[in-house]
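Let me begin by presenting the structure, written as structure tokens, before commenting on it.
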Amino acid sequence: MVEISGLTKRFGNVQALAGISLRAEPGKVTGLLGPNGAGKTTTIRILSTILRADAGTAKVNGFDVEREQDKVRASMGVVFENSGLYRRLTGTENVLYFADLAGVPRSRALKVLEELYALLDVDFGDRLAVGYSRGMAQKINLIRAVVHDPPVVVLDEPTAGLDVPSTLAVRSFIEKQKEKGKTVLLSTHLMNEVEMLCDYVFIINKGVIAVEGTPSGIKRDLGAANLEEAFMKAVKE
Amino acid sequence: MNPVLAVLKKELKEALRDRRTLIMSIILPAVLVPALILGIFYFMDTTERNATKTGFTVAYSGSAQLEAFLVQAGVKVEKPVSVQDAVLSKKADVGLIEKVEGGTEVVTILKSYASGAKGDSAAAQLRALLEVYKQYRIGEYLRSKGLEEDVFSMVKVETASVGDPVSFVKYMIAYILSLMLLAIGFVGNVYLGTDVGAGEKERGTLEPLLATPANRLTLAVGKWLALSTLNFAATLITVTSFALTYTYALTHFSLGSPSLGHSVSVFEVWGSGIWAMVIGALLLAVSGAALQFMISMYSRNMREAQLYLGQLGMVVLPFVFIIMPSLTNATAIPNWGYYIPIINASVVVYNVITGNVVSSLVWVALAMDVVVALLLAVLISKFMDRESVILRS
């Protein structure tokens, strides 16, 4: 569960967030849409304790991001938009490093690895990450983020720049997390992905929630033929 | 696994897989430093021996008496049209012009700025010969006046070195090593320094790392320990390689000084200096690594970090100036030096090798540096919480 209430954040003269409130439920994929600079990444950074909010509250799995940072981080796995890997480590070593940082016993970490390697079709885990394609790296990023089996998974544009097979693999990963009953918060620009994966959507514009609802509900409420049209209407208002 | 150990292990593993780190930290110091030192000493020794063995050529203009004296002394004498031209064109190693001005014989040695070591050596030998010639002429004059020439032996001035010549070697080693340790140990391996902070930003691994359950202090201490370990190892390899080769060279090449040209074991020279060097390298590694880490963390990218870290050597310059009077006067560095981080590494090394160490203060020095480094590690963990640092890219 992710609960955000009245979150504000300012960078100098720029008001990145102006009182955002949202809720993401377990067992559902919640979409976070918005144009570039709308505040999606800032929201994710506050949730993952990288940034501190100026005002408002945010809770991850019931833990406050301001006061219970260690518990918040233990409860969530994040894949940032430009997450990288340690290039002189193998994919498996990258994952096991994060497992060690999370205090996951080696046997459990290896079990997670085995399961997710099979799901994402990873057969390059023992190769150094320096030679990975973007798709290969993103698969390891996803596994690394959830190696400690967190109840909340936050993904910031996880399919950006990926080829079709890798995109499909990422989508199957998201569906698997949902099946497991996890709270998935997905930030994306791809409307077809939203229609396919998201149970509920928040469209952010200029630091506030412009529209929220199910994908079909948003289309209906805004009188749009498709989600792209609905999105454009939402961010123009 | 303990998260601090996990960070330490990962950083060491990555560093040891990096070819640049291996070349800069291990191969260059282990191979290039000895080759360089032995090469320099060999060149100096050969030059010195050649100058003594082969003699030198003088372009001469003056009396037949002085010419006969020089020839008798084994000097090859040329009589060109222009002494100056002969020296400038290197047909002669040195020039000599004898003139009579106002009843006084004036003898001028001409040396070209471009004559090099051979010209310098020739000029020095010629000056020594002319001293003998001067005494010979004065003696001749005294005899013509019916006076005894033993007036020259009324006052004899001699210089004698006392004690063990190895003391000189120890002093030289202590002097150079204490400065070298400051320069290398504190600056550390710049590439490693850039990687632990700026490298995380550039690769896009910093945010995922900060989003793990490990807290900031754990990450900071792990990275600091890794950087300290690598800096310590690299410094130790470099200075050990230097010190052993330099000691060998000082005791195996005579360089014109027979008292030094005897073979002694490097351990005879060093004594307890080896453990002093280990402690000194450790002292510098812990404080230098903390500062490197902070700078690297603050930098936008690896290029910026390399630029800043490249200037880190400037930080030690004021410390060098503080200890320089003790080094040049060959006196013990005062005890207050043990209490000042960075400088205390040099103090330990210098005072131990020269036999002036206060053992209890070595532990004080170590404690001081560890406390300072830990404070810096806490500061870095706070640093890793600052948006202006994390998002500075």
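Below, chains carry the letters A, B, ... as their sequence lines are ordered, and counting in each starts from 1.
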So does [X] pair up with [Y], basic N to acidic O under 4.0 Å?
{"X": "A:E66", "Y": "A:K71", "answer": "no"}
{"X": "B:K223", "Y": "B:E200", "answer": "yes"}
{"X": "A:K139", "Y": "A:D121", "answer": "no"}
{"X": "A:R106", "Y": "A:D100", "answer": "yes"}

Check: Would one find more than 12 heavy atoms of other residues, nucleotides or ligands at under 6.0 Å from atom CZ of A:R10?
Finding: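 Buried by this count: over 12 neighbours within 6.0 Å.
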Note to self: Is it the case that over 12 heavy atoms from other parts of the model lie below 6.0 angstrom from the CD atom of B:E387?
What the structure shows: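 Enclosed.
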Check: Aromatic rings A:F98 and A:Y86: how do their planes relate, parallel, tilted or perpendicular, breaks at 30° and 60°?
Finding: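 A:F98 vs A:Y86 ring planes: tilted.
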Next item on the list: Name the region of B:V7, side chain, backbone, both or neither, that has any atom closer than 4.5 Å to a heavy atom of chain A.
Entry: both
Engaged part of [X] at the chain B interface, taking heavy atoms whose separation is under 4.5 Å:
{"X": "A:E81", "answer": "neither"}
{"X": "A:L85", "answer": "backbone"}
{"X": "A:R144", "answer": "side chain"}
{"X": "A:R45", "answer": "side chain"}

Next item on the list: Would you please name every residue forming a side-chain hydrogen bond (donor to acceptor under 3.5 Å, both in side chains) with A:E3, sequence neighbours left out?
Entry: A:R23
Next item on the list: Anything in residues 203-216 of chain B with a heavy-atom distance to chain A below 4.5 Å? Please list those residues in order.
Entry: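 Under the 4.5 Å heavy-atom cut-off, B:R203, B:G204, B:T205, B:E207, B:P208, B:L209, B:L210, B:A211, B:T212, B:P213, B:A214, B:N215, B:R216 qualify.
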